[in-house]
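We use all heavy atoms of the structure for the numbers below, so side chains are in, but hydrogens, waters and symmetry mates are not.
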Amino acid sequence: MAQCVQLVQEFIQDSFVPMVAVLCSEDAERVTRKNNLSFPELLRPFCRLTSEGHLRDPNNQVVVVKGLRISVTGINTRPPQSPELHRLLSQAVSVCQPPEGSPANVITAGDYDLNISATTPWFETYRENFLQSMPASEHEFLNHYLACMLVVSSREAVPTEQFLKLSQEQHQIQHSGEYTHPKWFIPNTLKYYVLLHDISEGDEQRADSVYEDMKQRYGTQGCYLLKINSRSGSTGADEQMPDPWSQYLHKTSIHNPVSATTSLQARNITTHKLLITIIRSDGVSETHPLQLDHPTDAGYPGNDASQSVNNVDETRPQKQASGTSHTSPTPRGTCLTLNDHDHIRQFIQEFTFRGLLPHIEKNIRQLNDQLVSRKGLSRSLFSATKKLFGGGKVPEKSIAELKNTAGLLYPSEAPELQIRKMADLCFLVQHYELAYNCYHTAKKDFLSDQAMLYAAGALEMAAVAAFLQSGAPRPYPAHYMDTAIQTYRDVCKNMLLAERCCLLSAEILKSQAKFSDAATLLIKMTSEDSDLRSALLLEQAAHCFINMRSPMMRKFAFHMILAGHRFSKAGQKRHALRCYSQALQVYKGKGWTLAEDHINFTIGRQSFTLRQPENAVAAFRHILINDSKQSAVQQAAFLREYLYVYKSMSQLSGDGSLPQLPLPCLHSSQTRVFFGHERRLAEGEKQAATHVTLEQEFDRDLSQLWRELEERVVSVANRGTVPITFQPSQCCLNSQTDNLRYPLAIVEEPIIVEVVFRNPLKVPLALSALSLLWKFTLKDFSNPQGGATGETISNEKETTALNDIIDTQVIPEFTISPEETKVARLKLLPHKTGELHVLGVVYNLGTGEVGNSSLAEDLMCVRGQQNLEIQGPRLNMTKEEKTSVRYGPDRRLDPIITPPMPLLEVFFINFPTGLLCGEIRKAWVEFVNVSAVPLTGLRVGSTHPEFFTFGSATSDLTPVTPTAAEHCSAYKTVAMPPSVATVSLVSPAAFGVTSGDQLVVTEIPLSRGVLGPGEALQIPLWLRGPDQEGVHEINFLFNYESTEKTAKLSHRVLRHTAFICASRSLSVRATASRSNTLHGRERETEEQQEAEEKNGSMLVFVDVENINTSEAGVREFHIVQVSSSSRQWRLHKCINPVGDKDSKLASRERGKLCFKATRCRTEEGGASSTHTCTKTLISTTPCADFFFRRGLHSEARRGGMSAGGASQMQRKSLTPQSWTDDGGTSIVKKCSEVELDIIVLWKAYVVEDNKQLILEGQLHVALQTIGKESCSLSQKEETQEMVLLKFKPDVPPPVSKPSLEQLSHLIKTCLHYPESYDHPFPQKSLCTVPVTLTLSNCSSAQVDVIVDLRHKTTSPESLEVHGSFSWLGQTQYKLQLQAQEVYKLFLKACFFQAGVYNLGTPRVFAKLAQTSAMCETSQQSAMPALIIINSI
């Protein structure tokens, strides 16, 4: 049970007190009415004695009476009838509510932290009033009157006659037999004569004389002069006097929000009338018949008008409650002073000590003597009880064995009743030991007579007396109470007495910490006949469970739910709500979802009934927002209830602010914001730029790629530097983008906010009139000072009136299926510049059920909003941010509306989706300015700059339309004589290839540099298929600016992503071999021969293979032209094939081409072409464009750009003073470098739809090193192997040294000799032939050369084939050749016989002159030099 204000001993003592009746004359009542009080009400606050009283028991032992309280009531006070009793108790409980600011009791047990009320004052009020309203019964005397005060005013003409009249009236009421009520304790009732003197009006001397006469007549102990009204009511009205009557008679329910009248509640514990009148708005609880032990009758005195003054304490509060329900409380005791209070207190003390207690003591002795004489026992009942109960106990019969004798009545003179009467007297004066003995004796007698009502009463009081005995000589006999309760309830059918017994026993058990027994007892007393009683007892049982040593939380919550249910049935809505709310603390968040839903649903209903719509909405909201396990039907019921409550609350509130709706769930973090118009669809052959759409998923890597590409374009536009204020364009913002800055939107361009809704219920939701809720601050950005800030407006209350500022889209209907996640795209169109803040969404919420009528739909539809609150990213930069949890801002919903900007749309015409590798295709691009602002500075950047070109500035742009150019070749050709190699000088700058970023960014020429509003521009676009087969993603970024520079937005971009499927075409492999022959057969001028010997020549072998197998439509490829580009070499002559025919390659065929390449003169360097009939100008668009853009894709991916191709490589000539090992290595490398680019032009004949098409293309091969094969198809990079982590520093790499292969290319050798030589061997045995060995230094440094002629072939095969000969003269030559020097060494070979000989036996060793290490390396071996020696 909950904590109580009183101790259990005080509670029981105050429940059973001596009863005193009051009989007043009319004049005496008039005196007290000056204070707005009746005489019993006047005495009520002073009825508790502050000093101890004493009396002697029959054994002459002194009994001390402490804190005695008496009950003084009017003689005509009627106990309430059963229906009225129940109504008044219900009102008493309803009035008493927990105060708002009362301290709560926090109980912690396990995972539970419960915040519950520590006390239950409503239960104490109920218990107190219930015990006060107990009617007098025949089987006990505790509620019978012991004495009667006869009160007469001193202003009576003859007060003694009035006393006599009142005395006769009291005697008639008690002994005439006409009245069954009130009940009197003993026939010889104490009559106490009180002379009431009004000091303000009466004659004090006369009052004293009358009092002296009274003392002579009634004795000093039987009368008293009470002087009151020391002042008049008008004088001293401003003086504040204490009002001790307010706590008894005037209780205002300050904690009850229901409008109530002044409740006049009699706190006197012994009054028989519950003085509470309250007007309640939530109804009165149901009435249940409470049966008494005897039928009530109308036999009460005072039914006539003459006796109305003695029941005024009953009638007056009812009149006051009905007549002054809304007036201020009437002041009481206005004519009394503090001295008067003392007079009243002294009067009560005199009455009790000199009148009442001696009267009780005398009656105890008389009853004891009567019992002893009748029983024939000893003088003392103590000795009698010892003799009676000293031996064995008489076995008691069980309740089931006893017959129903509840109606048995004893005569008033029966000894059994005399024992009970004596026991009650002892109990009232706190002589509990004697009382227990008497109760025990009476219990035996009653049980033997089977008078069960009397026996139960004796058992009940025996148990209480045993508990109250000081020193506790015997334990509390709880079984007495259990038997009494069972007898009252089952045998006597008297629930009032059973309930009283239960309340007493439960309080006693609680004081002994027997909470489990107390809870069991309280639960047993619950029944269907009284919901109020059951609710209160169940609540107390719940408190018992939580106050145990090991609190039982779930039992507490379960019984609180039961109590709340019974409170609700009893009409106690507030207490029901409190019980459910306290039980929810246990079930909340513990997985008891169904129970939690039931509790919240009940709380919502009760709160709504009590006009607490906020609490009701919160409870229903909790049911709906969680993942409910309820059925669809139940969820629909919850939703309808919520909508009804919500609609009622909105009607009651009446304010303009829209409340928050719980449904559907709004995933704020997944909100996306798109700035700009939606993409236009393609029209015919026109393909619109893809740009950014809401259908695209966010890719972080792709976003970073676009950002880097935009930085490069902006850098080019700003002469190589990126501005500090650069902010990458973000057209679509989501949770993964950088939202720390305010996004920029353009006026007159839409803003689309994509909101994600989720319906957690199993029933559909119907949203209507769905739109965005925003706040906008007008701001003019045209002012250089930053703009003037205007007023802030919002569309929370007005919607259509603000469309001239921001046009807000409204979705009329938006249905979400059960458990569906659905996206809504809401549009805003700003017409003014300023700062916009999107706050949330506003909509009407309905049930979405099919078949609802329009009226029902209107009733079940409410309007509300949900806020879009997005949490920014976690900050983790500084130490303070790392050690705490801080989040940055997320500005995606706070765009700044900037002044107008140009808007570009791009369309691609005849743009292919598939190309052959290296295929050249011509397309067209259309640029349209769809805004009202002119556009300038149009540039395009791409991740694949080698894929497209707009041509050079000098290229011919005709034909000007795509249709006119439909069947034209992409190349520009001119007629040329066959097999003539031409040379042309080409500058890469003419084709836009100058520096790194310029390779990626191309400026698109505009007429007059501006594209006006509504204007369109079409320009050609050449495309070249990627060299690698597969699907390629090509990204274009178009960047443009406004002619009017604004501080907010410097540029705009348009993105386009194209996917090209590249198919196999040709594979070109090229190898360069150094030629050792000097022109012998072709007789040219000495100057030419000398120049060629100095410059040298080279053979270029080109293998072309048709690897196209997947394209069935390609019949064959034609090699149209082979061209070269280099600063040092040019293709001089086509050796194979001979003639000017095209090389045709069918599927999987391979062709081999051989060309002679010669070094260019210093002034030549450029592009040359050979093997052609019709000369294709490779120095014009698009051939030169794609050649200079070759290889940019990989370099652009790596982020670094090399300066041009092979033609742009810068050579460094190292002076001898700066030679190092590294320098030597580079010199040696350059000896074998070629730096020759081969361009192969081809045509492919394709049959498609029974039509033959001719496709054109070009492939590039870069020859870098002599003898090393190069291919047009780049080899796929091998996957990098896993590298082990190293914790030690790496050893510095050794100094790189030239490889043997590189050193073998330092010197080029060539033998000059006659092919045949005739010699007459018979005449001369030795044949001497002059041979010239030409040595050419291929490097740019001095080279030491050793020529060794001592070489002898050792292999027998070579001896057999070539024979043996000898060199004449020196066998070894040491030479030093300068850079690029050609040196001729004249030798003589000696032959001994005719035959075929190989002269290529000299060994040549070379090394760089300044190298310290003698690393001589054998130079390349010469081709077999065969000479025929003929004998003549």
Side-chain angles (χ1 to χ4, degrees), residues 679-691 904-930 938 940 942-952 955-973 1002 1004-1006 1011 1015-1027 1029 1031-1038 1054-1063 1065 1111 1113-1114 1176 1180-1186 1189 1241-1258:
R679 184 173 67 94
R680 291 203 312 195
L681 300 176
E683 302 174 1
E685 292 295 325
K686 287 186 178 182
Q687 176 185 349
T690 57
H691 196 46
L904 176 70
E905 287 192 357
V906 178
F907 298 94
F908 295 87
I909 305 171
N910 298 331
F911 197 88
T913 57
L915 293 172
L916 295 175
C917 291
E919 178 187 350
I920 304 294
R921 187 78 63 90
K922 188 175 185 180
W924 292 79
V925 185
E926 183 179 13
F927 301 96
V928 184
N929 183 2
V930 296
L938 181 57
V940 60
S942 177
T943 54
H944 296 69
E946 78 283 358
F947 171 71
F948 71 97
T949 178
F950 290 100
S952 63
S955 61
D956 189 4
L957 296 182
T958 58
V960 294
T961 62
T963 54
E966 185 175 359
H967 300 291
C968 293
S969 171
Y971 292 115
K972 185 176 181 181
T973 58
T1002 305
I1004 298 173
L1006 300 174
L1011 190 63
E1015 294 183 2
L1017 172 67
Q1018 283 188 353
I1019 60 173
L1021 172 71
W1022 285 272
L1023 308 173
R1024 179 177 178 271
D1027 291 325
E1029 67 170 331
V1031 178
H1032 297 263
E1033 180 178 339
I1034 316 294
N1035 297 315
F1036 297 88
L1037 183 73
F1038 298 94
L1054 177 67
R1055 301 175 183 177
H1056 176 65
T1057 301
F1059 291 91
I1060 298 295
C1061 181
S1063 304
S1065 57
E1111 292 290 335
V1114 180
T1176 299
T1180 60
T1181 297
C1183 184
D1185 295 83
F1186 289 119
R1189 288 171 176 263
L1241 306 183
W1242 51 264
K1243 288 185 179 180
Y1245 293 88
V1246 181
V1247 177
E1248 185 177 306
D1249 297 333
N1250 296 326
K1251 294 181 181 179
Q1252 178 170 321
L1253 303 177
I1254 300 177
L1255 306 181
E1256 299 172 300
Q1258 68 187 56

Minimal non-hydrogen separation, [X] against [Y], with atom names:
X	Y	value
Leu1017	Pro1005	CD2-O, 3.6 Å
Leu1023	Ala923	CD1-CB, 4.3 Å
Asn1035	Ser942	O-OG, 2.8 Å
Ala1058	Phe1036	CB-CE1, 4.2 Å
Leu915	Phe947	CD1-CE1, 4.2 Å
Ala1016	Glu926	CB-OE2, 3.8 Å

Could you measure the distance from the [atom1] atom of [X] to the [atom2] atom of [Y]? Nearest 0.5 Å is fine.
X	Y	atom1	atom2	value
Leu938	Phe927	CG	CZ	5.0 Å
Phe950	Leu1021	CZ	CG	5.0 Å
Thr1057	His691	OG1	NE2	11.0 Å
His944	His1032	NE2	NE2	7.5 Å
Glu1256	Arg921	CD	CZ	10.5 Å
Asn910	Gln687	CG	CD	11.0 Å

Would you say the side-chain atoms of [X] pair up with the backbone N or O of [Y], donor to acceptor, closer than 3.5 Å?
X	Y	answer
Thr949	Trp1022	no
Asn929	Leu1011	yes
Arg1024	Gln1258	yes

Walk me through it: do His1056 and Phe908 pass the test ring pair (Phe, Tyr, Trp, His ring centres under 6.0 Å)?
-> CA-CA 10 Å; His1056 176 65; Phe908 295 87; 4.3 Å; yes

Answer yes or no: is there a side-chain heavy-atom contact under 4.5 Å between Trp1242 and Leu916?
-> yes

Using the side-chain contact (heavy atoms from CB on, under 4.5 Å) rule, take Val1114 and Tyr1245 through it: C-alpha gap first, then chi angles, then the decisive distance, then the call.
-> CA-CA 6 Å; Val1114 180; Tyr1245 293 88; over 6 Å; no

